[in-house]
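Worksheet: the structure to be examined is printed underneath.
Below, each value reflects all heavy atoms present in this structure, side chains not excepted, and no hydrogens, waters or symmetry copies. First the proteins, then the strands, lettered A, B, ... as listed; each starts at 1. Model, not experiment: these values are computed from the prediction.
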Protein chains: 2
Amino acid sequence: MNQISHIDVEARVERFRQDCRDAGLSLTHQREIIFRALVEMHGHPSPESIYGVVKRQIPAISLATVYKNLKTFIDHGLTREVSLHHGALRLETNSAPHHHFVCVRCKEIFDIDEELLQPVELRRTLPDGFRLQRCSVEFQGLCRSCGKPSS
Amino acid sequence: MNQISHIDVEARVERFRQDCRDAGLSLTHQREIIFRALVEMHGHPSPESIYGVVKRQIPAISLATVYKNLKTFIDHGLTREVSLHHGALRLETNSAPHHHFVCVRCKEIFDIDEELLQPVELRRTLPDGFRLQRCSVEFQGLCRSCGKPSS
DNA sequence: CTAACTGCAAAGTGTTTGCACTCTT
DNA sequence: AAGAGTGCAAACACTTTGCAGTTAG
């Protein structure tokens with residue numbers, strides 16, 4: 001919704017370079033262009049749409065490279081995916097209202113009883129025209145087995 | 001996490017039958033077996049895993065039928081999908097902490113500034129061994145354009 | 001120089017579709 | 001009957017993989 005200023009982009013790209021060095025990642029031309037495209041875009045772009053932007057600057061780039069790099073970025077916390085459970089349809093079997101705990105490592109989903117939470121409260125109303133139907137909270141972290149020091 | 005009692009299953013299947021009648025959906029054998037399998041399973045099953053269960057009772061059933069019916073169930077509110085944005089990878093461009101509003105109709109995702117919300121509070125701690133890293137709220141409803149009476 | 005990265009094409013997933021046949025109503 | 005639903009196979013979209021060649025450190 002907000003414009004992104006050039007200074008933000010530059011700052012984020014600069015931090016990106018540092019993060020790559022810190023993580024031992026090569027700073028390739030492709031890598032940087034992809035990251036820059038990402039931070040210059042707004043909303044929640046798909047790999048394809050990022051590819052479309054990047055291709056204007058590196059016509060020979062392949063979609064696979066975009067995918068590989070986005071995955072690398074995610075793995076190193078350089079960007080984030082909108083949802084931990086994209087990829088495949090999953091159905092609810094629990095018909096009672098509840099929230100979810102998603103393990104960032106094994107991706108397993110655990111139900112969290114609704115009454116474990118204080119009701120979520122808005123400080124102000126949603127932007128005009130938006131009609132709220134329901135709201136659910138997603139907790140992210142490590143589940144019991146993934147959090148064990150051994151594993 | 002909890003066992004599902006037979007009485008719950010029967011009650012839900014009975015309601016299902018009624019819902020189908022109300023919605024003008026044919027009550028086929030396959031349909032009912034699929035629904036029953038779903039409510040008898042626990043957690044967040046995939047279409048494949050439901051297919052596996054159903055196949056034991058109707059060996060000739062096809063995976064496509066399972067998919068078609070699950071979609072029908074979702075469309076009629078007879079069950080719910082775990083995440084509205086499974087399907088394809090989407091990246092965040094907004095690096096500030098924020099929540100999401102997802103339009104149930106057009107599936108568009110809108111960022112909701114973190115400070116619009118009272119912080120989410122737990123009444124008790126999470127089950128032992130779970131390590132919380134972050135938490136984000138997903139609002140669902142109709143967005144501005146989908147909520148217009150015209151559309 | 002070496003390990004990491006890229007581009008390509010091919011292979012994988014998970015999911016949908018078209019169509020002839022079969023059931024529910 | 002008529003329309004809705006089913007099974008099959010083929011088509012799809014999205015993503016990953018293997019590998020030979022290239023580049024960063």
Please confirm whether A:His44 and B:His100 have ring centers closer than 6.0 angstrom.
yes

Report the nucleotide, chosen from C:dT15, C:dA4, D:dG5, that has the shortest atom-to-atom distance to any side-chain atom of B:Leu25.
D:dG5

Describe the nucleic acid contact of B:Ala64 in one word from base, sugar-phosphate, nothing, applying a heavy-atom distance below 4.0 Å.
base

May I have the distance from B:Glu81 (atom CD) to C:dG14 (atom C1'), rounded to whole angstrom?
14 Å

Measure NE2/A:His76 against C1'/C:dC5 and give the value in whole Å, please.
13 Å

B:Glu32 with B:Arg17: basic N within carboxylate O range, under 4.0 Å:
yes

Can you work out whether B:Thr72 or A:Ser46 has the more 5'-proximal nearest nucleotide on DNA chain D?
B:Thr72

Kindly point out which of D:dT16, C:dT6, C:dT15 is positioned nearest to the side chain of A:Lys71?
D:dT16

Any B:Tyr67 side-chain nitrogen or oxygen under 4.0 Å from OP1 or OP2 of C:dT16:
no

Short side-chain N/O contact to C:dG7 OP1/OP2 from A:Gln30, under 4.0 Å:
yes

When the ring centroid of B:Phe73 is compared with that of B:Phe16, is the distance short of 6.0 Å?
yes

Please report the C-alpha distance between A:Gln18 and A:Arg15 in whole Å, then the side-chain angles of each, then the deciding distance to 0.1 Å, and finally whether the side chain to side chain donor-acceptor pair (under 3.5 Å) criterion is met.
CA-CA 5 Å; A:Gln18 191 55 54; A:Arg15 180 146 32 99; over 6 Å; no

salt_bridge(B:Glu40, B:Arg12) N-O dist < 4.0 Å:
no

B:His44 NE2 - C:dG14 C1' separation (whole Å)
19 Å

In this structure, how many angstroms lie between the P atom of D:dT16 and the CD1 atom of A:Ile74, rounded?
9 Å

Please state how far atom CG in A:Asn69 lies from atom P in D:dA24, giving the value in whole angstrom units.
13 Å

How would you label the contact of B:Thr65 with the nucleic acid (heavy atoms, under 4.0 Å): base, sugar-phosphate, or nothing?
base

Rounded to whole Å, please give me the gap between CG in A:Leu70 and C1' in C:dC5.
15 Å

Report the distance from atom NE2 of A:His29 to atom P of D:dT23, rounded to the nearest whole Å.
12 Å

Round to the nearest Å and state the distance from A:Phe73 atom CZ to D:dT15 atom P.
16 Å

Which nucleotide, C:dG7, D:dG5, D:dG7, lies nearest any side-chain atom of B:Thr28?
D:dG5

Quick one: the side chain of A:Lys68 and the base of D:dG18, do they pair up donor-acceptor inside 3.5 Å?
yes

